[in-house]
Amino acid sequence: PAVAESRFVRNGGLSQRGSLLKDSDIQKLRENGWTCPDAKDWPIWWNGLGANMKVECLTTGGRDSDSFFRISGKDGLVTGYYGYPFEAPSYVFTFWLRGKGTLSAGVIAYELSKDHTQVVGQIFNPALAPVQIRVDSDQWIRYRRLLPKGEKELTVHVAFSAPEGVVDLDEVDIEPSNRALDLVVEEEATLYGKGALIENMDLVAVDEA
């Protein structure tokens with residue numbers, strides 16, 4: 001179902017404050033060209049990497065009328081914590097977008113030991129590379145992509161930037177998939193932005209059945 005609530009990415013709805021970031025962390029970001037909130041106003045479990053990003057953490061107006069990110073910039077990443085080992089063959093990476101611009105949506109992948117107790121190191125898998133999504137809507141739209149597990153034991157952090165324009169981001173999640181859902185998400189990905197897919201589920205009137 002096209003629900004907005006995040007369940008697995010920690011604080012995927014961005015509504016919980018009390019960031020783990022320190023004032024010194026924010027100072028370093030700002031020295032690297034970031035325009036961003038103070039540490040206490042960041043959503044918990046979220047962070048920033050790189051340089052020259054503009055990030056706002058607005059407290060109303062999100063997909064569930066609550067908090068959301070407004071981001072722009074291509075030289076850095078807004079990152080969120082997932083932290084679970086990948087155990088299913090594939091996962092669905094879901095996020096809701098609004099605005100006018102381009103969003104880069106990807107993950108930072110880390111190889112785990114066989115028993116999932118230690119991080120071995122960061123890994124690159126082309127199948128997990130960021131995707132570029134054109135956004136042109138004043139309504140919240142759900143986007144999904146597949147994340148295959150691959151051969152290595154791994155976990156990920158979600159990572160976003162906005163190379164063009166300004167994009168709103170909310171309700172980020174990563175959930176185990178199955179082969180049937182894989183097919184649906186794969187087909188959706190071919191239809192975004194072409195007018196062939198009803199991307200705004202609020203426009204669809206359906207009965208309970």
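If you're wondering where the values come from, they're calculated on a predicted model, not measured in any experiment.
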More than 12 heavy atoms from other groups under 6.0 Å of CD on Glu87 = yes
message = Assess the residue pair Phe8 and Tyr82 against the criterion (ring pair (Phe, Tyr, Trp, His ring centres under 6.0 Å)); give the C-alpha distance rounded to whole Å, side-chain angles, the decisive distance to 0.1 Å, and a yes or no.
response = CA-CA 7 Å; Phe8 292 98; Tyr82 173 70; 7.1 Å; no
message = Is any side-chain heavy atom of Arg17 closer than 4.5 Å to one of Ser67?
response = yes
task = Specify the closest pair of heavy atoms between Glu164 and Val167, including all atoms of both residues, with the distance to one decimal.
result = O-CG2, 4.5 Å
message = For Trp34, give me all partners under ring pair (Phe, Tyr, Trp, His ring centres under 6.0 Å), at least two apart in sequence or on another chain.
response = none
task = Return the minimal non-hydrogen interatomic distance between Trp46 and Gly12, and the atom names on each side.
result = CZ2-CA, 4.4 Å
message = Do Ser15 and Pro43 have side chains that approach each other closer than 4.5 Å (heavy atoms only, starting at C-beta)?
response = no
request  = Would you give the length of the straight line joining atom CG of Leu58 to atom CG of Asp66, rounded to the nearest 0.5 angstrom?
outcome  = 11.5 Å
Side-chain H-bond candidate by donor/acceptor type, Asp182 with Ser177, under 3.5 Å = yes
ask   = Has the side chain of Thr190 got a donor or acceptor atom that lies under 3.5 Å from a matching backbone atom of Glu187?
value = yes
query = Between Ser104 and Gln132, does a side-chain hydrogen bond (donor to acceptor under 3.5 Å, both in side chains) hold up when you go through it step by step?
reply = CA-CA 5 Å; Ser104 177; Gln132 307 296 309; 3.1 Å; yes
Hphob cluster co-occupancy, Tyr91 + Ile123, side-chain heavy atoms under 4.5 angstrom = yes
request  = Determine yes or no for a side-chain-to-main-chain donor-acceptor pair under 3.5 angstrom, with Asn11 supplying the side chain and Gln16 the backbone.
outcome  = yes
ask   = Aromatic ring centroids of Tyr110 and Phe124 under 6.0 Å?
value = no
key: Asn47 and Leu21, any side-chain heavy atoms less than 4.5 Å apart   = yes
ask   = Does any N or O in the side chain of Asp38 come within less than 3.5 Å of the main-chain N or O of Lys40, such that one atom is a donor and the other an acceptor?
value = no
query = Does Leu181 offer a backbone N or O that forms a donor-acceptor pair with the side chain of Asn178 under 3.5 Å?
reply = yes
query = Are the side chain of Asp173 and the backbone of Thr94 linked by a donor-acceptor contact shorter than 3.5 Å?
reply = no
key: Distance (rounded to the nearest 0.5 Å) between His157 NE2 and Trp45 CH2   = 9.5 Å
key: Polar side-chain atom of Asp25 near backbone of Lys22 as donor-acceptor pair, under 3.5 Å   = yes
ask   = Okay, side chain of Ser161, backbone of Pro163: is any donor-acceptor separation there less than 3.5 Å?
value = no
key: Side chain to side chain, Asp23 and Ile26, heavy atoms closer than 4.5 Å   = no
query = If only atom types and distance count, is the side chain of Tyr84 paired as donor or acceptor with the main-chain N or O of Ile174 below 3.5 Å?
reply = no
Derivation of the side chain to side chain contact (heavy atoms under 4.5 Å, CB included) call for Asn52 and Asn32 = CA-CA 6 Å; Asn52 303 323; Asn32 287 331; over 6 Å; no
request  = Decide yes or no for Lys54 and Ser72: does some side-chain heavy atom of the first lie under 4.5 Å from some side-chain heavy atom of the second?
outcome  = yes
key: Derivation and outcome, side chain to side chain contact (heavy atoms under 4.5 Å, CB included), residues Asp64 and Asp170   = CA-CA 9 Å; Asp64 287 333; Asp170 200 3; 5.8 Å; no
ask   = Quick one: does Leu154's side chain get under 4.5 Å of Leu112's, heavy atoms only?
value = no
key: ILVMFWY cluster, Ile141 and Val184 together (side-chain gap under 4.5 Å)   = no
query = For the residue pair Ala159 and Ile108, what are the closest heavy atoms and their distance?
reply = CB-CG1, 4.1 Å
Geometric cation-pi criterion, Arg63 with Phe95: 6.0 Å, 45° = no
inquiry  = Please identify which of these residues, Asn125, Val158, Val185, Leu128, meets the side-chain contact (heavy atoms from CB on, under 4.5 Å) condition with Leu147.
reply    = Leu128
key: Shared hydrophobic cluster for Val131 and Val107 (ILVMFWY, side-chain gaps under 4.5 Å)   = yes
inquiry  = Would you compute the distance between atom OG of Ser90 and atom CD of Glu186 and round it to the nearest 0.5 angstrom?
reply    = 8.5 Å
request  = Determine, using the 4.5 Å side-chain heavy-atom cutoff (strictly less than), whether Leu169 and Val92 are members of one ILVMFWY cluster.
outcome  = no
query = Around atom CD of Gln118, are there more than 12 heavy atoms of other residues, nucleotides or ligands at under 6.0 Å?
reply = no
task = Check whether any side-chain heavy atom of His116 lies under 4.5 Å from a side-chain heavy atom of Glu153, and answer yes or no.
result = yes
task = Spell out, yes or no, whether Phe93 and Leu77 are grouped together once hydrophobic residues are joined by side-chain heavy atoms under 4.5 Å, including indirect joins.
result = no
key: From CA spacing to verdict: salt bridge (charged side-chain N to carboxylate O under 4.0 Å, His left out), Arg142, Glu188   = CA-CA 11 Å; Arg142 183 190 69 182; Glu188 281 183 6; 3.4 Å; yes
message = Can a donor-acceptor pair be found, under 3.5 Å and without considering hydrogens, that links the side chain of Arg30 to the backbone of Cys36?
response = yes
query = Excluding sequence neighbours, so at least two apart, what forms side chain to side chain donor-acceptor pair (under 3.5 Å) with Arg145?
reply = none
ask   = Roughly how far apart are Leu20 CG and Ile44 CD1, rounded to 0.5 Å?
value = 4.5 Å
message = Which heavy atom of Asp75 sits nearest to which heavy atom of Met53, and what is that distance?
response = N-SD, 4.1 Å
query = Centres of the Trp96 and Phe68 rings: under 6.0 Å?
reply = no
OG on Ser137 to CZ on Arg98, rounded to 0.5 Å = 8.5 Å
message = Can you tell me how the ring of Tyr192 sits relative to the ring of Tyr143, calling it parallel under 30°, perpendicular over 60° and tilted otherwise?
response = tilted
